[in-house]
Amino acid sequence: MHNNIIVNAVERLTPSRVRLSWQSPPKSHEVKIYLSDSADIKNAEKTILTQTTQSSIDLDILDDRRCYFILDINGQNYVTAERVLPLEGANNFRDIGGYRTGDGKTVRWGYLYRSDHLHNLTDKDIAYLNTANFHTIIDYRNEKEYSKQPNRLWNNQLNTLRLIPDASSAELAAKASNDHEKIQELISLSQSKNGKMVIDGSGLIMQEQNRDFIRNPETAKIYRELVDIILDSRNLAIVQHCRGGKDRTGFGIAIILAILGVDEQAILLDYAMTSELRYSRNMRRMEKYKKETDNAEILAFLYSMMEARSSYLEAAFDEMRTRFGSIAEYLTKALKITESEREKIKQNYLY
């Protein structure tokens, strides 16, 4: 793709209307917009929707299937799609296509996805996901988490792979049977003079967990398995998820984007998007917690655990630099990614 063209992700306005926007060179004239079921620019069958001289347009389109938009700008084709899938039972299911790399390429749409758990998918969600070409699910949850909220699969041909990194902080919510039990445990910890957990809203516990992802050699082995999975193009398309789709999944996605050469700031923004998408859900959870306690520090702590602050992932990047010198050296030395593997991954996932 040309460096002077930026095609933004599609924004869903209503269940039947979307907005496309883009930046194009001053000399560009009419932009032709096509609809396709495939993100393969060269081979996609496409239907023309409209053409315009503007830099954005609202289009009527249903939310009943995964689709892509191909824009013809000055004879050059560009593909884009909704980043966040319009699902009822998952609020953090999104495509990580469309991000630009340092050498001017773009992450392919429709190949790599991230999500929260898949337990609450509705019949409408199942029908929608069956229109996309999924092959593999990577589930980062442990057995207790999975038993509480098993995935609802939309296709019996899906291949589910279990990767279970040590993420004790992220799993805290799954340990308690209910909100009351969770609050009482936190009250006990906050009153313990010997407790190692800081009960406040600083988010330090989540920063330390992300640093532990780098410190723990067993975690490196888990995410090396992720690299092996994405190396095999037969696994496409892949969706990674954990419980909320922010910590274990967020780290896995960050690794992939770093391998592909996506700018660190864009990786952090993708990570932090989870907080925006889960805001309403988090507010509902906080209202329930407030019925159990009015302790401001415990409430602030619980909210910090639900958020995906960029500082959490920044802590992991900082630990990579401290221990290995750079993010690139972490990928090479800890995950043992060779140059030929990196190039193969780029060939699989970049336009």
Side-chain angles (χ1 to χ4, degrees), residues 1-86 94-114 131-133 233 236-237 253 256-270 273 342-351:
M1 291 192 175
H2 297 174
N3 288 328
N4 56 356
I5 306 285
I6 300 176
V7 180
N8 297 328
V10 182
E11 178 187 2
R12 175 71 61 166
L13 302 176
T14 72
S16 60
R17 197 163 181 80
V18 297
R19 174 171 294 158
L20 279 70
S21 58
W22 57 89
Q23 299 173 24
S24 56
K27 294 183 179 180
S28 62
H29 300 292
E30 285 192 326
V31 176
K32 296 178 180 178
I33 301 173
Y34 298 85
L35 182 68
S36 176
D37 289 337
S38 171
D40 184 345
I41 298 177
K42 293 182 179 179
N43 302 311
E45 294 184 7
K46 55 190 181 182
T47 302
I48 189 162
L49 293 176
T50 188
Q51 52 192 43
T52 180
T53 58
Q54 304 300 313
S55 59
S56 69
I57 191 169
D58 293 355
L59 297 170
D60 290 324
I61 183 168
L62 297 177
D63 60 354
D64 61 347
R65 63 191 175 104
R66 183 66 174 152
C67 58
Y68 305 89
F69 299 92
I70 298 175
L71 282 64
D72 182 336
I73 303 176
N74 291 346
Q76 183 74 29
N77 286 339
Y78 305 86
V79 65
T80 188
E82 287 183 86
R83 182 167 305 288
V84 182
L85 274 59
R94 63 190 199 258
D95 195 325
I96 65 164
Y99 290 116
R100 303 293 293 276
T101 66
D103 57 2
K105 294 189 176 181
T106 304
V107 180
R108 290 180 183 270
W109 290 97
Y111 278 23
L112 294 165
Y113 295 83
R114 57 179 299 170
T131 68
N133 188 31
S233 59
L236 302 176
I253 292 296
I256 294 174
L257 292 176
I259 293 170
L260 294 173
V262 173
D263 177 78
E264 182 176 334
Q265 190 59 37
I267 297 174
L268 291 171
L269 288 173
D270 179 82
M273 192 182 301
R342 186 190 297 265
E343 288 306 310
K344 184 176 180 181
I345 292 170
K346 288 183 176 182
Q347 289 174 12
N348 283 348
Y349 299 104
L350 296 180
Y351 290 118

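As a basis for the values below, the full set of heavy atoms in this structure was taken, side chains included, without hydrogen atoms, waters or symmetry mates. Quick caveat: nothing in here was measured; it's all calculated off a predicted structure. Counting begins at 1 with the first residue of the sequence.
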Exactly one of Leu62, Ile61, Val18 should register a side chain to side chain contact (heavy atoms under 4.5 Å, CB included) with Cys67. Which one does?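 Between Cys67 and the candidates, side chain to side chain contact (heavy atoms under 4.5 Å, CB included) is satisfied uniquely by Ile61.
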Identify the residue among Leu49, Ile70, Thr47 that makes a side chain to side chain contact (heavy atoms under 4.5 Å, CB included) with Tyr34.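 So the option named by the test is Ile70.
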Kindly give the heavy-atom pair with the smallest separation between [X] and [Y], and that separation in Å.
X     : Y      : value
Ser38 : Ala44  : O-CB, 3.9 Å
Leu59 : Leu20  : CD1-CD1, 3.8 Å
Ala39 : Trp109 : CB-O, 3.4 Å
Ile96 : Leu257 : CD1-CD2, 4.0 Å

Is the shortest heavy-atom distance from the side chain of Thr80 to the side chain of Tyr68 under 4.5 Å?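 No, too far: nothing below the 4.5 Å cut-off.
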State, yes or no, whether a side-chain contact exists between Arg19 and Val10 at a heavy-atom distance under 4.5 Å.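 When only atoms from C-beta onward are counted, Val10 and Arg19 do not touch, as no gap falls below 4.5 Å.
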Could you go step by step and tell me if Arg83 and Met273 meet the side chain to side chain contact (heavy atoms under 4.5 Å, CB included) rule? CA-CA 11 Å; Arg83 182 167 305 288; Met273 192 182 301; 3.8 Å; yes
Roughly how far, to the nearest 0.5 Å, is [atom2] of [Y] from [atom1] of [X]?
X      : Y      : atom1 : atom2 : answer
Asp270 : Tyr99  : CG    : OH    : 3.5 Å
Tyr78  : Ile73  : OH    : CD1   : 6.0 Å
Ile41  : Asn77  : CD1   : CG    : 6.5 Å
Tyr349 : Arg108 : OH    : CZ    : 10.5 Å
Thr101 : Ile259 : OG1   : CD1   : 13.5 Å
Leu350 : Tyr111 : CG    : OH    : 11.5 Å

Whether [X] side chain and [Y] backbone form a donor-acceptor pair below 3.5 Å:
X      : Y      : answer
Arg100 : Thr106 : no
Asp263 : Gln265 : yes
Arg94  : Glu82  : no
Arg342 : Ile345 : no

How would you list, by chain and number, every residue that makes a salt bridge (Lys or Arg N to Asp or Glu O under 4.0 Å) with Asp40, sequence neighbours excluded?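 Asp40: no salt bridge (Lys or Arg N to Asp or Glu O under 4.0 Å) contacts found.
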Partner set under salt bridge (Lys or Arg N to Asp or Glu O under 4.0 Å) for Glu11, not counting sequence neighbours: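 By the salt bridge (Lys or Arg N to Asp or Glu O under 4.0 Å) rule, Glu11 matches no residue at all.
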Can you name the side chain to side chain contact (heavy atoms under 4.5 Å, CB included) partners of Asn133, sequence neighbours left out?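 Residues passing side chain to side chain contact (heavy atoms under 4.5 Å, CB included) with Asn133: none at all.
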Under the side chain to side chain contact (heavy atoms under 4.5 Å, CB included) test, residues paired with Thr14 that sit two or more places apart: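 If we apply the side chain to side chain contact (heavy atoms under 4.5 Å, CB included) test to Thr14, skipping adjacent residues, the hits are Ser16, Arg17.
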Count the heavy atoms belonging to other residues, nucleotides or ligands that lie under 6.0 Å from NZ of Lys32, then report whether that count exceeds 12.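 Incorrect, the count does not exceed 12.
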Show every salt bridge (charged side-chain N to carboxylate O under 4.0 Å, His left out) that has at least one partner inside residues 44-56, sequence neighbours left out.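 Every candidate salt bridge (charged side-chain N to carboxylate O under 4.0 Å, His left out) pair involving residues 44-56 fails, so no pair, neighbours aside, qualifies.
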Provide the full list of salt bridge (charged side-chain N to carboxylate O under 4.0 Å, His left out) pairs with a residue in residues 62-73, sequence neighbours left out, each pair given once.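 Pairs touching residues 62-73 that pass the test: Asp37-Arg65, Asp63-Lys124, Arg66-Asp95.
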Show your working on side chain to side chain contact (heavy atoms under 4.5 Å, CB included) between Ile33 and Trp22 and close with a plain yes or no. CA-CA 12 Å; Ile33 301 173; Trp22 57 89; 3.9 Å; yes
